[in-house]
Amino acid sequence: MDLNADFFALLGLPRRFRLAAGELDSRYRELQARVHPDRFASAPEAERRLSMQWASQANEAYRTLKKPLARAGYLIELAGVDLRAETNTAMPADFLMQQMEWREAVQEARSAGDHHELEHLHHRLQADIAGRYEQIAVWLDEDADYLAAADGVRRQMFLEKLLLEIEDALAALEE
Amino acid sequence: MALFQIAEPGESAAPHEHKRAIGIDLGTTNSLVATVRSGMAVCLNDEHGRSLLPSAVRYHPDGRIEVGYDVRKRQAEDPKNTIISVKRFMGRGKADIAHVETLPYDFVEAPGMVRLKTVAGVKSPVEVSAEILKTLQHRAEAALGGELVGAVITVPAYFDDAQRQATKDAARLAGLNVLRLLNEPTAAAIAYGLDNGAEGVYAVYDLGGGTFDISILRLTKGVFEVLATGGDTALGGDDFDHRIYCWVIEQVRPQPLSAEDSRHLMMRCREAKEFLTHNPEAPISLRLATGEMIDLTLDAATFTEISRNLVSKTLQPIKKALRDAGLRVDEIQGVVMVGGATRIPQVQKAVADFFRQEPLTNLDPDKVVALGAATQANLLAGNKTGNDDWLLLDVIPLSLGLEIMGGLTEKVITRNSTIPTARAQEFTTFKDGQTAMAIHVVQGERDLVDDCRSLARFELRGIPPMVAGAARIRVTFQVDADGLLSVTAREQTTGIEASITVKPSYGLSDDEIAGMLQDSLAHAKDDAMLRALREARVEAERLLEACAAALAEDAHLLSAAEIEKIQAAADKLRATLAGDNRRQIHLAMDDLSYETQEFAHRRMDQNVKRALAGRSVDELSNPQPAGEHA
């Protein structure tokens, strides 16, 4: 096994977007149980150093694969497709329109201090995001259409950012 | 009298000797040492049966150094040379210290960390802490009957890199082998979780003498996973004493107090605070040097009022930690209370109100951290107990980053990342022909560099001249399992490699530590050379033992020739142990380490393969029909 193997191989998982429930958690824990520095506290220096490298890599793998956005982005990267997340922000007009409507609704609820409405928007947006991941899963796992998936991921970035903003607004109201 | 050892049925009599390992809670107010005996974590007591050691150190004019109860009791006699709550100064500059004006010490500014001028010379907080550690070490060696293999030392979870490094340096100075720095709330969770077989998500609320931590952990079968942590390293029981002190001053408005009177009054305030835990009101009386008399009564309602914002200051970090963990208050299954200051009634009430449940106080809040540390030390030392199949996944409390153009911070590792962790970021040159790059490492959450703590500055030199923006400099941050950072920078585009690795050191260089070590040994009338030789032997024996254990387990990974080479190097090392040449021992150790490098790789490989075992190749390559995303 190579320390530089891809994160799926490192954790012994199939290279796909859909993961069986609990599988990632249990694979990660099994690997850490074997390589964590706490298992090598009395080992020679060389083994302690290796253990730190492996455990660091296991943590990075888990962090990347745990969240669907990062996992999808990683799969696209593995397929050799450039996500161009930073430069390619061009979006079709209808998506941008929708975005503006969302933002206006959030802004309105925020300035009105409408906790209930914010909760409602949060719920709706979450459902929207979940539905889009279903589609991204099809692109990645069945169609191997990485360009479509990359486009989908770029949209999810917008939506997840908005979700965070709603959460911030909710937290601010609770203060 | 020697007792016969009887093994449990089905268990062989201990194949390896039990290793003497300890856990130390190095507290602001009190410190403790604990160990695992017959599978049970216990605190080790002093000759009077007391487990606490007041973290108070007094330097006498005759060179004597005293630690503990008497020092605390008589702290008003000689305030300048009696150092209490030294933990507040660890890894801190003078500007960082709260209420510095009420402290009686002669501070000396030094790069990175303040020093204290005492009758025994200028002392670093690291040296003062080392005295406390030495006292506990001697207590443990006496109780356990021999030299220790190592110690787990606890630190507040919210300690930054400077404070952690200072703690590790103090242990080194005391001559302790640090098996691990362990976060205090995590230690408490281990003690609590293993004791109660707890499962689920728990919060640990740890209010000590000078520090506050909140940690959110998930406990699942044998895994302690810290989800988020937060806190304030300058908030604790001491601040409640200080509030009472200010209240008294406001009521009485005496002449400016002498250092002695100030200490006396602070002690009365502390007693009043403790008295109010079980009584509705507390008397505070003291005759000052001027003859003036202080005679007041503090009632619980007033105490609650004057300390209200201290209590609410602990609630902010809890909210932040919950958000970071992505959890709501009602998802917390239990709240474990740790630290002496959690005995304060209004603290208990505020925590109960916030979490909408009664906090758990069934373990002694003073001892639980040391007991957890001892359990972890026992595991790390390699002592097998019935309960040893657990894994600890802790996090780094504060983000780590670099200064970029415009005085801004670029985060490389974000707070609450699981450790150990390594992350790299690429940077480029700003000017044509630029051959050096200044790298400034900072820790903190704020966007402006000036609002973060500066950890280290270093320069990467020898970058081949290129046009601006062509060089690719990869800066790698590695945080180890102690939460300590090292930084490597490397230019990647050319064959010529400019590379540097730094560990931030906060004004205490390795040479300074060596110097302090020499000094302290001279005081103890020990022979520094002999001690260094003894340490080399202990280290060599540890290495030989580790190699023998590895060979016993995994000789099948090596060819006969490779085994022979390793054994030859081991024999050579063993031969040097008979002599008294420290250099030869170290050289032989280096040789053996070199010969076992490939073996280490293969062993790690095997470990990883075993972790992946139990799955067929089919499963790995064939997609499963149904699934869900995390």
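Computed from a predicted model, the values in this text were never measured in an experiment. Lettering follows sequence order; numbering is per chain, from 1.
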Got [X] and [Y] here, is their nearest side-chain heavy-atom distance under 4.5 Å?
{"X": "A/W54", "Y": "B/V608", "answer": "yes"}
{"X": "A/P37", "Y": "B/D480", "answer": "no"}
{"X": "B/T418", "Y": "A/R63", "answer": "no"}
{"X": "A/E45", "Y": "B/Q597", "answer": "no"}
{"X": "A/Y28", "Y": "B/L393", "answer": "yes"}

Checklist line | Part of B/L392 lying under 4.5 Å from any heavy atom of chain A | finding: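 Looking at B/L392, backbone and side chain both touch chain A.
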
Checklist line | Contacting region of B/A381 [heavy-atom separation from chain A under 4.5 Å] | finding: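 It is the backbone, since no side chain atom gets that close.
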
If you take all heavy atoms of [X] and [Y], which pair is closest and at what distance?
{"X": "A/R39", "Y": "B/W390", "answer": "NH1-O, 3.4 Å"}
{"X": "B/G382", "Y": "A/S42", "answer": "N-OG, 4.4 Å"}
{"X": "B/A550", "Y": "A/E47", "answer": "CB-OE2, 4.4 Å"}
{"X": "A/H36", "Y": "B/I419", "answer": "NE2-O, 4.0 Å"}
{"X": "B/L543", "Y": "A/P44", "answer": "CD1-CB, 3.6 Å"}

Item checked: Under 3.5 Å side-chain donor-acceptor pair for A/S56 and B/Q478 ->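 Side chains of A/S56 and B/Q478: pair found under 3.5 Å.
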
Give, as side chain, backbone, both or neither, the part of [X] having an atom under 4.5 angstrom from any heavy atom of chain B.
{"X": "A/F8", "answer": "neither"}
{"X": "A/E167", "answer": "both"}
{"X": "A/D38", "answer": "both"}

Next item on the list: Tabulate, in ascending numerical order, the residues of residues 118-126 of chain A having at least one heavy atom closer than 4.5 Å to a heavy atom of chain B, or enter 'none'.
Entry: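 Answer by number: none.
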
Margin query: Is it the case that atom OH in B/Y594 sees more than 12 heavy atoms from other parts of the structure closer than 6.0 Å?
Written below: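 12 or below, so no.
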
Notebook entry, point to check: Is A/R29 salt-bridged to B/E225, going by a charged N under 4.0 Å from an acidic O?
Noted result: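 A salt bridge is present here (some side-chain N lies under 4.0 Å from a carboxylate O).
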
Item checked: Residues A/D25 and B/R218 bridged, charged N to O under 4.0 Å ->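 No, A/D25 and B/R218 are not salt-bridged.
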
